[in-house]
Amino acid sequence: MSNDIILRNGTLVGSEGTTKGDLRIRGGRIVGRGDVGASSDGDQEFDVSGCLVGPGFVDLHTHLREPGREEAETIASGAMAAALGGFTAIVAMPNTEPALDNVITVSYVLAKGAEAVVDVAVAAAITVGRAGEHLTAISDLAALGVRLFTDDGNGVQSAAVMRRAMSYAAPLGITLAQHCEDESLAAGGVMNEGALSSQLGLAGRPAVAEELMVMRDIELSRLTKCPVHFLHLSTARSVALVAAAKAEGLLVTCEIAPHHFTLDESSLAHYDTQFKVHPPLRTASDVAALRSAMTTGIIDAVATDHAPHASELKDLPFDQAPAGMLGLEQVASLTWEALGENPDPVRFFALLSRGPARIAQLRDEDSRVGLSAHGGELTVGDDANIVVFDPRMSYVVDRAALASRAHNTPYHGRAMHGRAVMTLVRGTLVARNGELQ
Amino acid sequence: MDWETGGEMISSIAGGNLLNIDDLTREAIIEVLDTAESFLEVSTRAIKKVPTLKGRVVASLFYEESTRTRLSFETAAKRLSADVISLAVAASSVKKGESLRDTASTIEALGVDAVVIRHQSSGAPHHVAAALPGIRIINAGDGQHQHPTQGLLDVFTLRQALSSRAGTTGSESGAELFKNLKVLIVGDIRHSRVARSDAWAYATLGSTVRICAPGTLLPDDVSTWPVEVMKNFDEALEWADVVGLLRLQNERGSGTLVPSLAEFTRSHGLTQERHRRLAPHVLITHPGPMNRGVEIDSLVADADNALISQQVANGVPVRMAVLYLALAGGEPKGYSHE
């Protein structure tokens, strides 16, 4: 008698194309692919015909709020939201209180993450306290398994500090990730700068504040040969700058967040703080440019920027409320919808799994510490981190039913199409049809 | 999100809130002006009081310093016989960290019918309105967004002056005198909620509105505003029938957006020399408080064609009209019986 999980008759999505077939999972690994034979007693068999079966999603950008803001999210609750959204690995951002800027706090999150339902990697801060001045123990933190460093929430404002960080990081095989906003232009701003901000009397965060830092870091990456990853790009011009840098063969990658390719600034016309986020929601033409770039390979990853905030903090006048919104449980549906009439499953898994797994260095061929492999080809022997996505499934977002502790989703009441219906982490079924197992 | 009101125009504030001017139709504005005109007479009586809002409670919630707006709202409410409670922010729980939402709930629990709110955050009245759907919310100035009653009293004052000149009354002239009127708004438009209210008020009534300011004191993008930008102040003055001046808002950093106040005065101040060049029919407004010697010369402020003191005086009847319409709108007009 065996205790295998068999996924029957799915559409297996590889990085080059799709094939119809089964998967057999045992002992945390894929042990059979194609025609895996009949099930025996003790096996769990699922008919996944009509569904896409691919490597579990990887989120490069999750704010877990632990330590410090556990009323909004914990490592455990954020991981549950991730599992429901089809993720098998998430990267915890370092803007906790205190920040993930030293071996002790990073070790704490890694230890807590090891007990969570999905793999939890850590992005550590580039500078102490994310204050943009002194470098953190980048080499020691890399030895713990940290592969991404960022002061996210803040961009590293000083070009000199960023250059120093890049020069230090370049030989270590890690990537620096930047929140691109030049605060000398953006500080005090609460929404996209433009006609609407001028009419609403709200201070703007101009697109050029983002674009200048993208330009600067492209040049610093050229100089130092350090890989740089651009977090949550939001403007058409930023994407064009990255496209040009990639064409030159520079070591740049980028992600976009679901709210930036599904919502524009017009959502703010009634001062609803659920739509307040940094970088801000931009114009409809920026949204169109981002959606277009998703299909061309310029965008390496969709990443949530999942940012839980307690409701009493969001329930303030617009300029006083914190920026950020939830994303883990809806991002797959939003990405699928954004890929157009006939979404390409290969592109879908590139954006949500293989691209981010490569950037986070979570693939089988990457050196990992304490984490399983993600973003693979579903070949026999692989760690069984798998998502089953049903494009036919529709549902309506209910903020009260989310796994996150906070409820600050901008999508409450919106109908979604396509859903992660099974999430398997290291061979264990952790979420199914919107329920944790 | 309150999508239902998105983009919809309001054709009367009767029984509703007054949050913005840019969503009021011409009819809604004229209704306020005509109602205010009928209240003007109350202010001339020995006993300046009508029983219209007797038993109603108006709360005034001022999170920002204000002299004329607060006094004029409270006077207006009292002349309508409403009970007025006013929250002194410095002495209240607000200082203890209470959120605007919780303060609003407290006021609701006291059985208030209307809240007049001034707040430093743009959109704060909309935030309160969403929290208190059963209470009428009157925006008395929110951040750099809107100051609708100022916009209304500015067009009321203009209509009063123009109709008197034409030998008619405001209510008889309707919106007629605003047709083809050339209104120039000049100065610190970037930070001005008055400019945002006046521009729409004048434009909705049929006037042509232009704005003029140093580049740094213009809003970032006015492509959705019903205005044109003029680069040269002296040419703009030749064009205008009405010159609406604004206070340079140093407390919002305007002083650092121009090289010096003296240069601002030279380039965009209404000096005596510029004042002398104005055509005789040109009228001047300023919402106050003024920086005499900066955006307006002190003698110019007191000139015959400056409507500044009329603006202050008209604050009361216009705010009476707003409170009356919001609270008693749709009911028979009872104020004439006393």
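By convention in this document, chain letters (A, B, ...) are assigned in the order of the sequence lines, proteins followed by strands, and residues within each chain are numbered from 1.
The number of heavy-atom neighbours closer than 6.0 Å to CZ of Arg216(A), taken from other residues, nucleotides and ligands shown, is above 12. With a 6.0 Å radius and a threshold of 12 heavy atoms from other residues, nucleotides or ligands, Met416(A) has its CE atom above the threshold. Residue Arg237(A) qualifies as open at atom CZ: its count of foreign heavy atoms under 6.0 Å is 12 or below.
Here the rule is side-chain contact (heavy atoms from CB on, under 4.5 Å) with Gln199(A), and of Asp22(B), Asp221(B), Val222(B) only Asp22(B) fits it. The one candidate from His119(B), His127(B), His145(B) that meets the ring pair (Phe, Tyr, Trp, His ring centres under 6.0 Å) condition with Tyr271(A) is His145(B).
Using a 4.5 Å cut-off between heavy atoms, Glu193(A) touches chain B through its side chain atoms alone. Neither the backbone nor the side chain of Gln274(A) comes within contact range of chain B; no heavy atom of the residue lies under 4.5 Å from a heavy atom of that chain. Contacts of Asn20(B) with chain A are absent, with no heavy-atom separation under 4.5 Å from either backbone or side chain.
Taking 4.5 Å as the limit, every side-chain heavy atom of Leu200(A) sits out of range of all side-chain heavy atoms of Ser122(B).
Of all the listed residues (Arg190(B), His126(B), Arg101(B)), the one sharing the greatest number of non-hydrogen pairs under 4.5 Å with chain A is Arg101(B). With chain B as partner, the option from Pro410(A), Gly194(A), Ala203(A) having the largest number of non-hydrogen pairs under 4.5 angstrom is Gly194(A).
Using a distance-only test at 3.5 Å, with no hydrogens or angles considered, no donor-acceptor pair links the side chain of Ser198(A) to the main chain of Pro219(B).
In this structure, Ser121(B) OG and Gln320(A) CD are separated by 4.0 Å, a value rounded to the nearest 0.5 Å.
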